[in-house]
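Index from 1, following the sequence. What you see below is based on every heavy atom in this structure, not just the backbone, and it leaves out hydrogens, waters and symmetry mates.
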Amino acid sequence: MLPDFRVRQRDDLLEISRLITEELDLQKVLARILRVATQLLASHAGLVALHDEGEGWRLAATHGLNPDFTRELEPLLSDIPAEGDPAVFAVPEVNRRLQRVTRAASMGLLNGVGLPLLARGEVVGVLFVFRSYEGAYSSEDRALLQAFASQAAIAVSNARLYTQVNRQKQFLDVVLESSADGIFLLDPRHRIVRFNRACERLLALPAAEAVGRAHDEVFEWARREPGLTLDEAEADGWPLSAQATLYVEGDLRRRSAGTVSVGVTYAPALGADGRMLSIVGSVRDITKFRQAEELKSTFISIVSHELRTPVALIKGYVGTLRREDATWEPSVVRDSLAVIEDEADHLAGLIDDLLDASRLQAGVLGLNKSEVALDSLAQRVVERFRTQSGQHTFEVRFPKTYPLLQADEQRLTQVFNNLLSNAMKYSPAGGKIRVQGSVRGEEAVVCVSDEGPGIDPQDAPHIFERFYRSASAAQRTQGAGLGLFLAKSVVEAHGGRIWVDPERDRGARICFSLPRS
């Protein structure tokens, strides 16, 4: 049978061991260790001082100490150098200072002993106990105190590991939730265990509804590019290594209506034995990349078509005029040269439009502003168009008190040219083309209308986009789809706006406004 005090020592150490494994509050654990250690060692009080890497020493817990005495100890510990090995330099200094303060505070009657807290070969602190009577601590006392010091070291180490893990988790949470790309985690059975905010936004599905569900239930492909799915890849032996990633691209169905174009990358997390622990997936919205590719294809198609016609005409007329087996009348030569000149002008205009579109895309379209009479400018542009069409009639109506504007006259001429050219092009049967000006508050408004078939309401939101041409327009007329895009860009560069008037029963009506000041 063990003596009663041995049984008590065993029970107290067992209780502290249990407390260490169950309790995350370091302060509570250290307080319990101090209380038991001082009682079993017949001591008056105790303290635990911890050494924080790069921050020095601090009091972490006390038992039975007068607050005034504690305040006297704190500055003595805080200025102990943190450099070097604490076991060699700092612990002896901590003990020396505590012994000195102990003797001074009690006229030499108090004495104490301190032992280092060692965790994984590193000194993390000191456990110090005081006695209110004379007498040295025996080897048994020191052995018992070392047991409590070891328990305290384990508690400190666990607390620091928990803090470190918690900080890493918080860091990863911030990284995951702030990522612009969707990030999700799968368990080996392909169940979703993590679903960040970007995933919620892309798929229009709350994380609470996604977590716990099977991957294929959440990531449902409406259309997929050729290649293996995640299930197919795993059935085929993926992954062969931790560096083997899988990429799948296509259109995913969203919780709300519609789809979203994405590229999904799967990266495996493998254990030491090669077994799959989890899969990290990242989802990137590639809608803009798809649009850019489509835009590039549209640009190549339209420009090649628009260039081919005038180049073919110029080549044909030049080839005809150069024939050595024919003699041409001067009138035929003049007419042929006129066609060549018109087509060259058409090419030059197309090139200018493409250059302007490029400048606008780069944000370097400059404005040379001066005082402009918009009504006079409209009249001059219309007079030039009157000579180009015998089928259309033109009407220009502006109030007599129409204001002068600070604007770039050359760029606004380009706007009028594009709007009037479209009005003529899309009303091939003729009719009246009206240019009307009005003043609405602080805005000067101009509207250009024709008597053609009008603009389909489905096309109206897109007609100011670069290279956009409706299916019906592409069949009836030529064009690169840049005129209204350039007009919109010039108007907006002046601080104005441009729109399609939806109240027209017949024909198209496009209006733009510019600020009066």
Side-chain angles (χ1 to χ4, degrees), residues 161 164-301 467:
L161 286 174
Q164 183 180 4
V165 169
N166 197 44
R167 286 177 180 173
Q168 289 178 346
K169 180 180 179 301
Q170 291 174 345
F171 172 75
L172 289 175
D173 285 344
V174 171
V175 171
L176 286 175
E177 297 304 325
S178 62
S179 172
D181 290 340
I183 298 177
F184 61 93
L185 302 180
L186 303 177
D187 66 16
R189 296 185 303 154
H190 294 183
R191 295 282 176 181
I192 295 175
V193 296
R194 189 66 187 267
F195 201 75
N196 75 344
R197 281 198 294 261
C199 276
E200 291 182 319
R201 185 177 64 254
L202 282 170
L203 298 183
L205 179 67
E209 297 183 28
V211 172
R213 293 175 61 185
H215 167 269
D216 289 346
E217 293 178 11
V218 175
F219 292 85
E220 184 180 356
W221 295 102
R223 187 195 63 81
R224 184 169 53 83
E225 296 293 334
L228 298 177
T229 65
L230 177 60
D231 288 335
E232 293 169 345
E234 279 206 278
D236 202 33
W238 180 88
L240 298 177
S241 69
Q243 289 73 40
T245 59
L246 174 68
Y247 181 76
V248 184
E249 185 176 309
D251 297 331
L252 283 176
R253 299 188 192 278
R254 307 182 78 223
R255 171 72 173 273
S256 57
T259 60
V260 58
S261 297
V262 299
V264 183
T265 302
Y266 301 92
L270 304 180
D273 57 358
R275 287 191 304 170
M276 180 80 74
L277 300 178
S278 63
I279 298 174
V280 181
S282 63
V283 189
R284 173 161 294 184
D285 187 346
I286 60 172
T287 303
K288 291 185 177 179
F289 296 103
R290 288 273 183 87
Q291 291 173 344
E293 288 296 320
E294 291 175 4
L295 190 62
K296 182 172 70 174
S297 298
T298 302
F299 167 77
I300 294 172
S301 174
F467 302 126

> Quick one: closest heavy-atom pair of Arg254 and Arg201, and the distance?
NH2-O, 2.8 Å
> Rounded to the nearest 0.5 Å, how far does CG of Asp251 lie from CD of Glu220?
12.5 Å
> Less than 3.5 Å apart, any donor N or O on the side chain of Asp231 or His190 sitting next to an acceptor on the other?
yes
> side-chain contact (heavy atoms from CB on, under 4.5 Å), that's the test. Do Val262 and Phe219 meet it? Break it down for me.
CA-CA 11 Å; Val262 299; Phe219 292 85; over 6 Å; no
> Enter the distance from Arg213:CZ to Arg191:CZ here, rounded to the nearest 0.5 Å.
10.0 Å
> Give me the one residue out of Val264, Leu230, Thr265 that meets side chain to side chain contact (heavy atoms under 4.5 Å, CB included) with Leu246.
Leu230
> What's the shortest heavy-atom distance between Ala210 and Ile192, and which atoms?
O-CB, 3.6 Å
> How close do Leu202 and Gly182 get, heavy atom to heavy atom, and via which atoms?
CD1-N, 4.2 Å
> Answer whether the closest heavy-atom distance between the side chains of Arg223 and Thr259 falls below 4.5 Å.
no
> At their closest point, which heavy atom of Trp238 faces which heavy atom of Pro268, and how far apart are they?
CZ2-CD, 3.8 Å
> Taking only distance into account, with no hydrogens and no angle test, what donor-acceptor pairs under 3.5 Å do side-chain atoms of residues 275-286 form with protein atoms, sequence neighbours excluded?
{"from": "Arg275", "atom 1": "NE", "to": "Asp273", "atom 2": "OD2", "distance (Å)": "2.8"}
{"from": "Arg284", "atom 1": "NE", "to": "Asp181", "atom 2": "OD1", "distance (Å)": "3.4"}
{"from": "Arg284", "atom 1": "NE", "to": "Asp181", "atom 2": "OD2", "distance (Å)": "3.1"}
{"from": "Arg284", "atom 1": "NH2", "to": "Asp181", "atom 2": "OD2", "distance (Å)": "2.7"}
{"from": "Asp285", "atom 1": "OD1", "to": "Thr287", "atom 2": "N", "distance (Å)": "2.9"}
{"from": "Asp285", "atom 1": "OD1", "to": "Thr287", "atom 2": "OG1", "distance (Å)": "2.6"}

> Please report, to 0.1 Å, the donor-acceptor pairs under 3.5 Å made by any side chain of residues 168-177, with sequence neighbours excluded.
{"from": "Lys169", "atom 1": "NZ", "to": "Asp173", "atom 2": "OD2", "distance (Å)": "3.1"}
{"from": "Asp173", "atom 1": "OD1", "to": "Arg194", "atom 2": "NH1", "distance (Å)": "3.1"}
{"from": "Asp173", "atom 1": "OD1", "to": "Arg194", "atom 2": "NH2", "distance (Å)": "3.0"}
{"from": "Glu177", "atom 1": "OE1", "to": "Arg197", "atom 2": "N", "distance (Å)": "3.1"}
{"from": "Glu177", "atom 1": "OE2", "to": "Arg194", "atom 2": "NH2", "distance (Å)": "3.3"}

> Report yes if the side chains of Val248 and Trp221 come closer than 4.5 Å at any heavy-atom pair, otherwise no.
yes
> Grab the two heavy atoms, one from Ser179 and one from Ala198, that are nearest each other, plus how far apart they are.
O-CB, 3.6 Å
> With no hydrogens and no angle check, is any side-chain donor or acceptor of Glu209 less than 3.5 Å from a backbone partner on Pro206?
no
> On a heavy-atom basis, which atom in Leu270 and which in Pro239 lie closest, and how many Å separate them?
CD2-CG, 4.0 Å
> For the residue pair Phe184 and Tyr266, does the interplanar ring angle fall in the parallel (under 30°), tilted (30 to 60°) or perpendicular (over 60°) class?
perpendicular
